[in-house]
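Have a look at the structure below, then the notes.
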Amino acid sequence: LVGPNSLGVISPHIDMNASFARTSPLKGSIAFFSQSGAFCTAAIEYSVREMLGFSAFVSSGNKADVDDSHMIDYFAHDPKTKCIAAYMESTRDGAALFKSLEKASRKKPIVILKAGRTERGARAAKSHTGAIAGTDAAYDAAFRQTGVYRAKTMFELFDAAQALAHQPPMKGDGIAIVTNAGGMGVIATDTANDLGLALADLSKETLDDIGRSCPPTWSWGNPVDIIGDADTARYANVLTAVGKAPEVKGILVIAARQAATNIFEIAKWIAITHKVSGKPTVACFAGILDPESEQFLDSKGIPVMSVPERSITALHALSIRGKYLLKKGL
């Protein structure tokens, strides 16, 4: 029994909408459950706009019977699910939740937006569901120990889930940021530093390789600022150099629309670089609305965001996942 006080259940792959949501989410590989029904409806509207696909959408409500641990256990064995995402305010059985997270994380990545982090937020959660939110430090520790990526915003929840569902985990520290917009590279660097996500120290060989394709005024470092007049050929050569650099474990490609920028052709080279290198790759089309390019990269499993902060969050989730699997010997 799911609920009560539930929006219902949606199973996109069999076109089942047993809810009172106006629309259904797209088909995909993220299983999502939420203690809040309104969060579900907002997430559906958001996901359709962002072209996110789901294997299941469950509003758990007050969890009189089926609770968080049951759903995590179920989706851990669901062949259509590659990543588990959740919005959570409280849990009825902390020990059962911890046990389920520990078992499921070995098989699939998990992202949780746990609300009620602050004292006021916890009081708001209690008034919402009637359940006590619990000590936030306990949730934080449990998530860290079980390899769960803890999101603090709705953007972080679905950006991390999208990356974890479609990209490989990062094998070691060191990302490269390739950009034709210096300011965007600085923002991405600051965000990575805030999250503890290390930028790769590019070797002399890599720097020289990049330098052969760029004007002398390029950054000669990481972030790799290839200057605003970068055309498709320059992106292609630089991405090839970064993709084969052993010190680079993950790649963020930023493209701002300039006179020489062909977003769709750059998207093709982002996909080629990911396929050849096998490295986790995320794109940021800065402030650009380009459905054709976004749909193309989505079809290749490469997340596309409109601001660099969100792209860095996606790579950070892949880094945390990689470290967890290494620690567990998986």
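Counting begins at 1 with the first residue of the sequence. This one's a predicted model, so the numbers in the text were calculated from it and none came from an experiment.
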Side-chain H-bond candidate by donor/acceptor type, Glu102 with Thr146, under 3.5 Å | no
Within the distance-only criterion (no hydrogens, no angle test), does the side chain of Glu156 pair as donor or acceptor with the backbone N or O of Lys152 below 3.5 angstrom?
-> yes
Check the pair Ile175 / Val248 against side chain to side chain contact (heavy atoms under 4.5 Å, CB included), numbers first and verdict last.
-> CA-CA 5 Å; Ile175 65 166; Val248 174; over 6 Å; no
Is there a side-chain contact between Ile30 and Thr81, using heavy atoms and a 4.5 Å cut-off?
-> no
Between Tyr139 and Phe143, what is the ring plane arrangement, given parallel below 30°, perpendicular above 60°, and tilted in between?
-> tilted
Approximate separation, where rounding is to 0.5 Å, of Leu7 CG and Ser19 OG | 4.5 Å
Distance from Ile10 atom CD1 to Phe54 atom CZ, nearest 0.5 Å?
-> 10.0 Å
Which pair of heavy atoms, one from Pro168 and one from His274, lies closest together, and at what distance?
-> CD-CE1, 3.9 Å
Apply side chain to side chain contact (heavy atoms under 4.5 Å, CB included) to Phe39 and Tyr87, showing your working.
-> CA-CA 8 Å; Phe39 192 101; Tyr87 169 81; 3.7 Å; yes
When rounded to the nearest 0.5 angstrom, what distance separates CG in Leu315 from CG in Leu195?
-> 10.5 Å
Which pairs pass salt bridge (Lys or Arg N to Asp or Glu O under 4.0 Å) with one or both residues in residues 218-227, sequence neighbours excluded?
-> none
Donor-acceptor contact below 3.5 Å, side chain Ser34 vs main chain Ser36 | yes
Partner residues of His316 under the ring-ring contact (aromatic ring centres under 6.0 Å, His included) criterion, sequence neighbours left out = Tyr149
In this structure, OG1 of Thr23 is separated from CD1 of Ile44 (nearest 0.5 Å) by 5.5 Å
Should we say atom NZ of Lys82 is surrounded by more than 12 heavy atoms from elsewhere, each under 6.0 Å from it?
-> no
Interatomic distance, NZ@Lys108 vs CD1@Ile84, rounded to 0.5 Å, equals 6.0 Å
Ionic contact status for Asp68 with Lys114, cut-off 4.0 Å = no
Answer yes or no: is there a donor N or O on one side and an acceptor on the other, between the side chain of Asp93 and the main chain of Ala95, under 3.5 Å?
-> yes
Can any side-chain N or O of Thr261 pair as donor or acceptor with the backbone N or O of Gln258 at less than 3.5 Å?
-> yes
Could you tell me whether the side chains of His77 and Lys107 share a donor-acceptor contact shorter than 3.5 Å?
-> yes
Looking only at heavy atoms, the pair that brings Val111 and Cys83 closest together is CG2-SG, 4.2 Å
What residues, two or more places apart in sequence or in another chain, satisfy ring-ring contact (aromatic ring centres under 6.0 Å, His included) together with Phe20?
-> none
Of all heavy-atom pairs between Gly185 and Thr179, which one has the smallest distance, and what is that distance?
-> CA-CG2, 4.1 Å
Nearest-0.5 Å distance, CG of residue Leu239 to OG of residue Ser277 | 9.5 Å
Show me the donor-acceptor pairs, under 3.5 Å and distance only, between side chains in residues 317-330 and residues at least two apart or in other chains.
{"unit_1": "Arg321", "atom_1": "NH1", "unit_2": "Ser105", "atom_2": "O", "d": "2.7"}
{"unit_1": "Arg321", "atom_1": "NH2", "unit_2": "Ser105", "atom_2": "O", "d": "3.0"}
{"unit_1": "Lys323", "atom_1": "NZ", "unit_2": "Asp173", "atom_2": "OD1", "d": "3.3"}

Short N-O contact, Lys268 and Glu265, less than 4.0 angstrom = yes
Pairwise side-chain hydrogen bond (donor to acceptor under 3.5 Å, both in side chains) hits with a residue in residues 280-295, at least two apart = Asp290-Ser293
For the hydrophobic clusters of this structure (ILVMFWY residues joined by side-chain heavy atoms under 4.5 Å, transitively), does one cluster hold both Phe155 and Leu52?
-> yes
Side-chain donor or acceptor of Asp67 paired with backbone N/O of His70 under 3.5 Å | yes
Kindly assign one of parallel, tilted or perpendicular to the pair Phe75 and Phe33, based on the angle between their ring planes and the thresholds 30° and 60°.
-> parallel
Just by distance, do the side chain of Arg92 and the backbone of Asp65 share a donor-acceptor pair under 3.5 Å?
-> yes
From the list Asn222, Val242, Thr206, Asp201, side chain to side chain contact (heavy atoms under 4.5 Å, CB included) with Glu247 holds only for Thr206
Are Ile227 and Leu207 connected in the hydrophobic side-chain network, where two residues link if heavy atoms are under 4.5 Å apart?
-> yes
Non-neighbouring partners of Ser306 that pass side-chain hydrogen bond (donor to acceptor under 3.5 Å, both in side chains), sequence neighbours left out | none
CZ of Phe296: more than 12 outside heavy atoms within 6.0 angstrom?
-> yes
Does a salt bridge link Lys27 with Asp15, judged by any charged N lying under 4.0 Å from a carboxylate O?
-> yes
His13 side-chain N/O to Gly28 backbone N/O, donor-acceptor pair under 3.5 Å | yes
Please check if Val253 and Ile177 belong to a single hydrophobic cluster, counting links between Ile, Leu, Val, Met, Phe, Trp and Tyr side chain heavy atoms closer than 4.5 Å.
-> no
Heavy-atom pair with the smallest gap, counting every atom of Glu50 and Asp298 = O-OD2, 4.3 Å
Carefully, step by step, assess Arg150 and Asp136 under the rule salt bridge (charged side-chain N to carboxylate O under 4.0 Å, His left out).
-> CA-CA 12 Å; Arg150 183 172 187 178; Asp136 191 66; 2.5 Å; yes
Would you list the pairs meeting side-chain hydrogen bond (donor to acceptor under 3.5 Å, both in side chains) in which at least one residue belongs to residues 183-194, sequence neighbours left out?
-> none
Residue pair Ile251 / Lys279: nearest heavy atoms and the distance that separates them | CD1-CD, 4.4 Å
Pairing residues for Ser100 by the side-chain hydrogen bond (donor to acceptor under 3.5 Å, both in side chains) criterion, not counting sequence neighbours | Asp73
With sequence neighbours left out, the residues meeting side chain to side chain contact (heavy atoms under 4.5 Å, CB included) with Pro246 are none
Return each pair, listed once, that meets salt bridge (Lys or Arg N to Asp or Glu O under 4.0 Å) where at least one residue sits in residues 209-222; pairs must be two or more places apart or across chains.
-> Asp209-Arg212, Asp209-Lys244
If every non-hydrogen atom of Ser60 is compared with every non-hydrogen atom of Gln35, which pair is closest and at what distance?
-> OG-CA, 3.4 Å
Run the side chain to side chain contact (heavy atoms under 4.5 Å, CB included) check on Ile226 and Tyr235 step by step: do they pass?
-> CA-CA 8 Å; Ile226 60 176; Tyr235 264 102; 4.0 Å; yes
For Leu289, what are the other residues in its hydrophobic cluster, where any two members join if their side-chain heavy atoms are less than 4.5 angstrom apart?
-> none
In the hydrophobic clustering (ILVMFWY, side-chain contacts below 4.5 Å, transitive), which residues join Val186, or is it alone?
-> none
Answer with yes or no whether the hydrophobic clustering places Val224 together with Val276; edges join I, L, V, M, F, W, Y residues whose side-chain heavy atoms lie under 4.5 Å apart.
-> yes
Yes or no on side chain to side chain contact (heavy atoms under 4.5 Å, CB included) for Ile302 and Gln167, after CA distance, side-chain angles and deciding distance?
-> CA-CA 7 Å; Ile302 299 172; Gln167 287 288 304; 3.8 Å; yes
